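This one's a predicted model, so the numbers in the text were calculated from it and none came from an experiment. What you see below is based on every heavy atom in this structure, not just the backbone, and it leaves out hydrogens, waters and symmetry mates.
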Amino acid sequence: MSSSEAELHVVAPQLRSLRRRAGLTLEAAARAARLSPAHLSRLETGQRQPSLPMLLALARIYGTTVSELLGETVAGRDAIVRAADMEPTRAGGWTYFQAGAPGRGMQALRVRVPYGAQGDMVRVHPGEEWLYVLQGQLRLGLGDTVHRLGPGDSAHFDSLTPHRLAAETDDGVELLFVHTLLQSPTAALCLGPHTGELS
């Protein structure tokens with residue numbers, strides 16, 4: 001068995017297990033991830049390999065981390081994250097640096113948002129978010145209100161409030177970002193109604 005085949009055998013059952021733990025049907029999870037139920041089913045049975053953006057989306061929907069989706073365990077959950085150990089992850093134009101240990105109730109990230117990336121994407125999900133602007137100017141839409149934040153400004157809000165983040169400055173914006181993705185039935189509030197048994 002090749003290493004990529006071995007990874008699929010770990011990821012596939014993890015995807016199904018975490019979806020069930022989040023209390024979502026295959027159809028509801030697929031709709032939230034903008035996938036067809038058939039495609040998500042193939043991911044869960046190891047017939048297809050998920051991309052990183054897909055893993056990031058599923059992790060947000062299931063209230064977990066990409067590390068947990070991949071079946072990784074954190075030995076001892078180190079309290080310190082060294083700058084040299086921060087590997088960038090890129091998705092949707094944004095660059096993410098893990099700024100805390102994975103697998104905890106809060107996820108801490110340093111995020112680089114370039115100008116024009118994902119500015120029209122509305123996010124709604126369970127949990128809370130806190131952000132702090134390090135550099136640049138951020139446009140933060142919370143519900144129907146738009147706020148402009150500069151270096152040193154911060155925001156703390158309920159993630160079920162529809163929110164949008166965009167860089168206002170040409171050279172982008174850099175943020176410290178902490179979020180919780182609550183693992184509870186409230187996930188249905190942002191995914192819409194769903195019926196049927198969990199697959």
Residues in salt bridge (charged side-chain N to carboxylate O under 4.0 Å, His left out) contact with Glu174, at least two apart in sequence or another chain: Arg110, Arg112
Can you see which heavy atom on Leu140 is nearest to which on Ala155, and at what distance? CD2-CB, 3.6 Å
Under a 3.5 Å cutoff, is there a donor and acceptor pairing between the side chains of His156 and Glu128? yes
Atom CG of Asp171 and atom OH of Tyr115: how far apart are they, to the nearest 0.5 Å? 11.5 Å
Working to the nearest 0.5 Å, report the span between CG of Leu165 and CE of Met121. 11.0 Å
If the condition is ring-ring contact (aromatic ring centres under 6.0 Å, His included), which residues does Phe157 pass it with, not counting sequence neighbours? His163
Mind checking the CG-CD spacing from Leu43 to Gln49? Nearest 0.5 Å is all I need. 9.5 Å
Under a 4.5 Å cut-off applied to non-hydrogen side-chain atoms, are Gln47 and His39 in contact? no
Could you walk me through whether Leu35 and Met54 pass the side-chain contact (heavy atoms from CB on, under 4.5 Å) check? CA-CA 9 Å; Leu35 300 171; Met54 201 175 294; 4.0 Å; yes
Flag this pair as yes if the NZ/CZ of Arg123 is under 6.0 angstrom from the six-membered ring centre of Trp94 and inside a 45 degree cone about the axis; otherwise no. yes
Set of residues satisfying side-chain contact (heavy atoms from CB on, under 4.5 Å) with respect to Asp153, sequence neighbours excluded: Leu149
Transitive ILVMFWY side-chain link Val122 to Val146, under 4.5 Å: no
Arg164 CZ to Leu138 CG distance, which is reported to the nearest 0.5 Å: 13.5 Å
Establish whether Val111 and Leu142 are linked, either directly or via other cluster members, by ILVMFWY side-chain heavy-atom contacts under 4.5 Å. yes
Enumerate the side chain to side chain donor-acceptor pair (under 3.5 Å) contacts for residues 132-146, please, sequence neighbours excluded, ordered by first and then second residue. Arg139-Glu168
What's the shortest heavy-atom distance between Pro50 and Leu55, and which atoms? CG-CD2, 3.7 Å
Evaluate the side-chain proximity of Val173 to Val133: yes if any heavy-atom separation is below 4.5 Å, no if none is. yes
Is there side-chain contact between Leu24 and Tyr62, with at least one heavy-atom pair below 4.5 Å? yes
Taking side chain as C-beta onward, heavy atoms only, is Leu134 less than 4.5 Å from Pro151? no
Are side-chain heavy atoms of Thr89 and Thr95 found at a separation under 4.5 Å? no
Using atom types as modelled and distance alone, determine if a side-chain donor or acceptor of Ser41 lies under 3.5 Å from a backbone N or O of Pro37. no
Shortest non-hydrogen pair, Leu175 vs Val113, comes out as CD1-CG2, 4.4 Å
Quick one: does Leu176's side chain get under 4.5 Å of Leu131's, heavy atoms only? no
Applying side chain to side chain donor-acceptor pair (under 3.5 Å), can you list everything that pairs with Arg42, at least two apart in sequence or on another chain? none
Rounded at 0.5 Å granularity, tell me how far CD1 in Ile61 sits from CZ in Arg34. 9.0 Å
Are the side chains of Leu40 and Glu27 in contact, using a 4.5 Å heavy-atom criterion? no
Closest non-hydrogen atoms of Ala167 and Gly172, given as atom of the first, atom of the second and distance, are CB-CA, 3.8 Å
Compare every heavy atom of Gly143 with every heavy atom of Thr161, then report the nearest pair and how far apart it is. CG2-N, 3.6 Å
